[in-house]
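All heavy atoms count here, side chains included; hydrogens, waters and symmetry mates do not. Naming convention: chains lettered A, B, ... in sequence-line order (proteins, then strands); numbering from 1 in each chain.
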2 protein chains.
Amino acid sequence: MARTPRNTLSADLIVRTALALMEAKGADAFSLRGVAAELGVGPMALYTYFRNKDELYDAVRDHLMSLLPDVPKDAPWPDQVRSVCRSLRLLMLQHPCLAQLLAGRPLSGHETARVAEGLLGVLRSAGFAPETAARTHTTLFTYVLGSTSWEIQMAAERRDPEAWRRLRMSMESLSARDFPSVVELAPELARTTGGDEQFDYGLDLLLAGLQSKTEVRTPS
Amino acid sequence: MARTPRNTLSADLIVRTALALMEAKGADAFSLRGVAAELGVGPMALYTYFRNKDELYDAVRDHLMSLLPDVPKDAPWPDQVRSVCRSLRLLMLQHPCLAQLLAGRPLSGHETARVAEGLLGVLRSAGFAPETAARTHTTLFTYVLGSTSWEIQMAAERRDPEAWRRLRMSMESLSARDFPSVVELAPELARTTGGDEQFDYGLDLLLAGLQSKTEVRTPS
DNA sequence: ACCTGAACACCGTTCAAGT
DNA sequence: ACCTGAACACCGTTCAAGT
């Protein structure tokens with residue numbers, strides 16, 4: 001067996017390989033041993049660059065977050081907020097594993113702070129007080145996280161025929177007596193499991209609430 | 001070795017044991033073998049009641065959702081909506097594993113449909129059109145899911161001294177040049193990582209947005 | 001039907017060792 | 001420093017078997 005030459009590995013190469021595996025087989029299927037095998041090295045080779053699996057997770061998340069575009073300048077603040085939220089959602093849809101990476105572990109790493117920086121900057125420029133800006137940022141961020149994670153989960157379910165069949169069966173077995181509204185609105189509900197429209201609906205509710213707040217304080 | 005007598009197990013007993021283990025050691029640490037060991041049986045004994053680990057997950061989730069209280073009658077609809085959302089959040093806080101159970105796998109099981117039924121019933125009674133009711137329900141549900149999951153995650157981080165130290169270090173190492181708003185608003189941001197106030201702030205934004213929507217259509 | 005035990009193909013991680 | 005190989009203590013699940 002030819003010994004692997006030195007310095008064939010690097011933190012960046014490992015992160016990119018891990019990301020490729022996660023996108024191919026899902027964040028759950030991903031394993032250190034799988035990444036090592038893909039790179040043609042022993043499992044322990046990775047421990048030179050990452051102390052454990054969680055550190056690799058963090059590095060992958062940080063790498064993905066670096067792909068986020070900057071906040072557009074010279075636009076009304078509600079449009080800027082919409083842009084940041086949509087960018088994050090788009091990135092999560094393009095890299096479904098990001099949802100699990102963000103949900104499973106906390107914010108750490110500089111790239112993750114860029115979302116906060118973008119949103120907070122916009123909100124401060126719009127004249128919101130520090131406390132309001134912070135609360136609004138967290139509200140928006142958790143809304144994007146929750147709604148997009150849900151959308152990704154439902155999309156994954158739809159692709160798995162067995163799981164999809166069980167979900168349909170479960171819905172159809174609900175009695176109209178115990179669940180009148182769910183049964184009556186089943187077609188409408190099915191249309192809300194994802195898509196730009198559903199996302200923008202909730203985002204617009206939040207922005208409308210925010211604007212009604214500002215109008216009270218500074219009546220035109 | 002005394003052979004385990006028959007019918008010592010039941011689906012309900014297994015679910016309760018699994019739930020106890022998840023709450024004690026976290027949803028990740030939970031394993032089929034661990035549940036079996038706790039019950040004093042071999043790992044294969046569980047397969048009589050559940051086809052695989054995911055089915056047990058679903059059963060635990062459904063069991064937890066059955067603990068949700070009913071929607072209060074005879075209250076203004078915004079209060080009813082608030083009540084449903086707060087009940088779900090409270091249940092998630094009392095049973096942190098529920099966040100992962102809801103995020104990791106889809107809605108299935110009758111008990112899970114109760115949230116939807118409660119919210120949809122309230123919204124329909126308030127006079128919302130079918131499509132609006134469905135979209136609003138999903139928006140509210142995903143907001144509760146996202147914000148409470150985030151809150152739970154941050155609370156777990158705070159309990160782990162090592163992780164908490166790294167998070168503080170990561171925040172403090174942010175340069176005021178690249179992340180001016182994050183650095184400036186750090187104390188305010190820290191206060192938004194959870195708590196009733198933060199949750200109600202976002203919920204009120206959504207409700208305010210919703211009411212501004214209805215006022216346009218039916219001006220008083 | 002209900003539970004057992006051995007076995008398979010995996011994990012993350014530690015430890016001691018090579019270069 | 002960078003990578004290896006063996007080993008430990010786990011997984012979920014299949015299969016054949018007992019009662």
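Among C:dC3, D:dC15, C:dG12, the nucleotide with an atom closest to any side-chain atom of B:Leu9 is C:dC3. Closest contact between the side chain of B:Arg33 and the listed nucleotides C:dT4, D:dC2, D:dC11 involves D:dC11. Residue B:Lys53 has its side chain nearest to D:dT13 when only C:dC3, D:dT4, D:dT13 are considered. Ranking C:dC15, C:dG12, D:dG12 by closeness to the A:Tyr47 side chain, first place goes to C:dG12. Nearest nucleotide to the side chain of A:Pro43, out of C:dC2, C:dG12, C:dT13: C:dT13. Nearest nucleotide to the side chain of A:Met44, out of C:dG12, D:dC3, D:dA6: D:dA6.
The pair B:Arg114-B:Glu111 meets the salt-bridge criterion, with a side-chain N (NZ, NE, NH1 or NH2) lying under 4.0 Å from an Asp/Glu carboxylate O. Under a 4.0 Å N-O distance rule, the pair B:Asp204/A:Arg135 does not qualify as a salt bridge. Of the charged side-chain nitrogens involved, at least one lies within less than 4.0 Å of a carboxylate oxygen, so that A:Arg89 and A:Asp196 count as a salt-bridged pair.
If you check D:dC8 for Watson-Crick or wobble pairing at under 3.5 angstrom, you find it paired to C:dG12.
As rounded to the nearest Å, C:dC3 and D:dC15 have C1' atoms that lie 15 Å from one another.
No side-chain donor-acceptor contact under 3.5 Å links B:Ser170 to the backbone of B:Arg166.
In this structure, A:Ser31 reaches the C:dC11 phosphate: one of its side-chain N or O atoms is under 4.0 Å from OP1 or OP2.
Atom CG in B:Leu46 sits about 10 Å away from atom P in C:dT4, given to the nearest Å. Going from atom CZ of B:Phe30 over to atom C1' of D:dC11 covers 12 Å, rounded to whole Å. Rounded to whole angstrom, the span from the CZ atom of A:Arg51 across to the C1' atom of C:dG12 amounts to 16 Å. A:Leu39 has its CG atom 16 Å from the P atom of D:dC2, to the nearest Å.
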